[in-house]
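Below is one structure, written out as structure tokens; comments come after it.
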Amino acid sequence: MMLPQELIRRKRDGKALENTEIDALVHGIADGSLSDSQVGALAMAIFLNGMSTAETVALTLAMRSSGAVLDWSDLPGPVVDKHSTGGVGDKVSLILAPLLAACGLYVPMISGRGLGHTGGTLDKLESIDGYVTFPDTEHFRRIVRDVGCAIVGATADLAPADRRLYAVRDVTATVESLPLITASILSKKLAAGPRTLVMDVKTGSGAFMADPDDARALARSLVDVANGAGLPTSALITDMNQVLGCNAGNALEVAEAARFLRGDHRDPRLLEITLALGENLLVANGVADARDRLVRALENGAAAERFGAMVRASGGTDILDHTDRLPVAPVQRPVAAPRGGHVRSIDVRMLGLAVIELGGGRVRADQNVDFAVGLSSVLARGASVAAGDPLAIVHARDEATAQKAVGMVGMAFTLKEGLLPPAPVILETVTAS
């Protein structure tokens with residue numbers, strides 16, 4: 001018999017745990033036989049002493065196997081997925097999933113809600129009237145099979161050990177642990193059943209991993225552990241020192257994604273990240289003309305068609321050609337530039353916090369969000385402005401919150417004379433070592 005307290009003691013003392021020992025601990029987390037105090041002590045021991053790659057692989061696999069694991073072997077094409085560590089205005093999933101489906105891949109994407117200063121894909125989709133983000137498993141499978149992609153939330157039977165462990169980490173100051181972050185992300189991805197994965201690890205003022213070295217360490221951990229668990233994975237480290245695209249806020253981001261798919265306007269940075277992530281997955285599955293195929297699927301409307309089909313199959317109203325059906329905030333106020341110049345830098349985290357202040361995000365997981373509010377027409381680094389030009393437009397529920405957000409957005413922008421050289425959006429690629 002492996003007593004939990006003895007295993008916790010070993011990790012507390014800096015010793016490595018065997019796979020069978022990790023399996024036993026995860027089983028106890030999932031079935032409740034480990035108390036919250038024991039789970040917290042284990043999390044703190046891992047936080048302080050870390051885990052080897054082999055231990056983290058074992059932890060990831062055990063958490064994956066603590067619940068249901070989806071099987072897509074009946075599908076006639078490659079099954080792939082993408083995960084982002086989150087950023088302000090990050091609407092890539094809304095575009096990439098149908099784009100990949102239009103190129104012959106299958107994308108069963110399980111996403112989350114926003115928490116902190118970055119938005120969540122589920123919140124964006126729930127701004128579409130009728131869209132069901134938690135379908136039953138059979139409905140989820142049918143959408144993937146018929147459309148090629150579906151974006152849904154994780155049900156309670158996927159990686160339940162992670163759900164409990166994360167709840168304990170959240171109240172014991174052990175969230176910022178590299179092996180625990182890695183296992184949390186990958187256990188859910190592995191449970192979703194893809195055969196290839198690409199990670200978008202963001203860094204900069206609008207990212208959770210603001211420091212590039214921290215982002216690089218996370219990317220390396222994710223790639224090594226995923227590949228060690230049998231899931232071919234690579235990662236892009238991407239810039240989050242400006243909003244990705246032009247809009248931040250749930251319905252506003254959906255509207256921008258629809259315009260992108262229709263070809264009305266495609267922000268260059270958003271296009272580059274989307275194509276790079278898509279190319280990575282296509283090449284990994286043997287497609288030689290990957291980028292050309294992605295561009296064709298955008299230009300000929302095939303990706304837009306898949307997006308519309310996914311929304312309809314998920315119960316949502318057609319917004320692809322009717323973005324006016326999305327929620328609209330009653331108050332819209334421009335944020336005037338105090339002087340002329342060029343946008344030298346942007347505190348993107350401040351912009352994300354402004355969206356939360358408007359009601360478009362949450363600071364607790366149980367909070368509701370206002371889908372209509374947010375920021376549109378947000379300027380990028382290097383943009384030229386005259387005094388009084390709008391830096392962004394605030395969309396608010398009332399005048400009081402609008403004015404507060406206007407002040408926050410104004411403080412986020414630094415204006416100076418002189419042109420800036422363009423900053424790359426893709427900073428580094430991390431592959432299996």
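Note that this is a predicted model, so its numbers are computed, not measured.
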Determine the minimum heavy-atom distance between [X] and [Y], stating which atoms define it.
X	Y	answer
Asn19	Ala58	OD1-CB, 3.4 Å
Gly104	Pro78	O-CD, 4.1 Å
Leu125	Tyr131	O-CB, 3.5 Å
Leu190	Pro194	O-CD, 4.5 Å
Ala412	Leu351	CB-CD2, 3.7 Å
Ile29	Ala161	CG2-O, 3.6 Å

For [Y], is there any backbone N or O sitting under 3.5 Å from a side-chain donor or acceptor partner on [X]?
X	Y	result
Ser221	Leu218	no
Asp136	His139	yes
Asp81	Leu197	no
Arg10	Ala16	yes
Asp13	Lys15	no
Arg64	Ser187	no
Asn227	Thr233	yes

Set of residues satisfying side chain to side chain donor-acceptor pair (under 3.5 Å) with respect to [X], sequence neighbours excluded:
X	result
Glu299	Arg266
Glu176	none
Glu256	Lys91
Thr429	none

- Query: Do Ser184 and Asp162 meet the criterion of a side-chain donor-acceptor pair at a distance under 3.5 Å?
  - Reply: yes
- Message: If only side-chain N and O atoms count, and only distance matters, is there a donor-acceptor pair under 3.5 Å linking Asp23 with His27?
- Response: no
- Ser345/Asn241 under side-chain hydrogen bond (donor to acceptor under 3.5 Å, both in side chains): CA gap, chis, key distance, verdict: CA-CA 8 Å; Ser345 64; Asn241 283 306; over 6 Å; no
Please tabulate, for the side chains in residues 144-154, all donor-acceptor contacts under 3.5 angstrom to protein atoms that are two or more places apart in sequence or on a different chain.
none

Would you call [X] and [Y] a side-chain contact if the rule is heavy atoms closer than 4.5 Å?
X	Y	value
Val80	Tyr106	no
Met240	Val348	yes
His83	Ile185	yes
Ser314	Ile143	yes
Val168	Thr174	no
Pro232	Arg195	no
Asn247	Arg259	yes
Lys202	Ile273	yes

Within this structure, what is the [atom1]-[atom2] distance for the pair [X] and [Y], rounded to the nearest 0.5 Å?
X	Y	atom1	atom2	value
Thr121	Asp90	OG1	CG	7.0 Å
Asp214	Ile181	CG	CD1	9.5 Å
Asp123	Ser111	CG	OG	10.5 Å
Asp318	Arg312	CG	CZ	6.5 Å
Arg220	Thr182	CZ	OG1	12.0 Å
Leu70	Asp157	CG	CG	8.0 Å

- Run the numbers on Ser205 and Asp347 for side-chain hydrogen bond (donor to acceptor under 3.5 Å, both in side chains), then give the verdict. CA-CA 6 Å; Ser205 67; Asp347 183 344; 4.8 Å; no
Holding to side chain to side chain contact (heavy atoms under 4.5 Å, CB included), I want the full list of residues that pass it with [X], two or more places apart in sequence or in another chain.
X	answer
Ala284	Thr196
Ala215	Val201, Thr203, Met209, Ile237
Arg344	Thr414, Lys416, Leu420
Asp129	Thr317

- Query: Do you know which of Val57, Ile46, Thr60 makes side-chain contact (heavy atoms from CB on, under 4.5 Å) with Pro179?
  - Reply: Ile46
- Item | Residue pairs, two or more places apart or on separate chains, that pass side chain to side chain donor-acceptor pair (under 3.5 Å) and touch residues 269-279 | Asp239-Arg269, Glu272-Arg291, Glu279-Arg291
- Determine, stepwise, if the pair Thr85 / Asp200 fulfils side chain to side chain contact (heavy atoms under 4.5 Å, CB included). CA-CA 6 Å; Thr85 56; Asp200 180 2; 6.0 Å; no
- Presence of salt bridge, Asp36 and Arg164, under 4.0 angstrom: yes
- Query: Could you go step by step and tell me if Asp74 and Arg141 meet the salt bridge (Lys or Arg N to Asp or Glu O under 4.0 Å) rule?
  - Reply: CA-CA 10 Å; Asp74 59 318; Arg141 294 183 64 84; 3.0 Å; yes
- Applying salt bridge (Lys or Arg N to Asp or Glu O under 4.0 Å) between Lys11 and each of Glu55, Glu18, Glu21, report the one that passes. Glu55
- Message: Before you tell me yes or no, could you show the steps for Leu59 and Leu180 under side chain to side chain contact (heavy atoms under 4.5 Å, CB included), namely the whole-Å CA-CA distance, both residues' side-chain angles and the distance that decides it to 0.1 Å?
- Response: CA-CA 9 Å; Leu59 177 63; Leu180 293 178; 4.0 Å; yes
- Message: Is there a side chain to side chain contact (heavy atoms under 4.5 Å, CB included) between Thr56 and Thr53? Walk through the geometry before answering.
- Response: CA-CA 5 Å; Thr56 310; Thr53 298; 5.7 Å; no
Can you list, pair by pair, the side-chain donor-acceptor contacts under 3.5 Å of residues 371-382, counting residues two or more places apart and other chains?
residue	atom	partner	partner atom	Å
Ser376	OG	His395	NE2	2.7

- All ring-ring contact (aromatic ring centres under 6.0 Å, His included) counterparts of Phe140, not counting sequence neighbours: Trp72
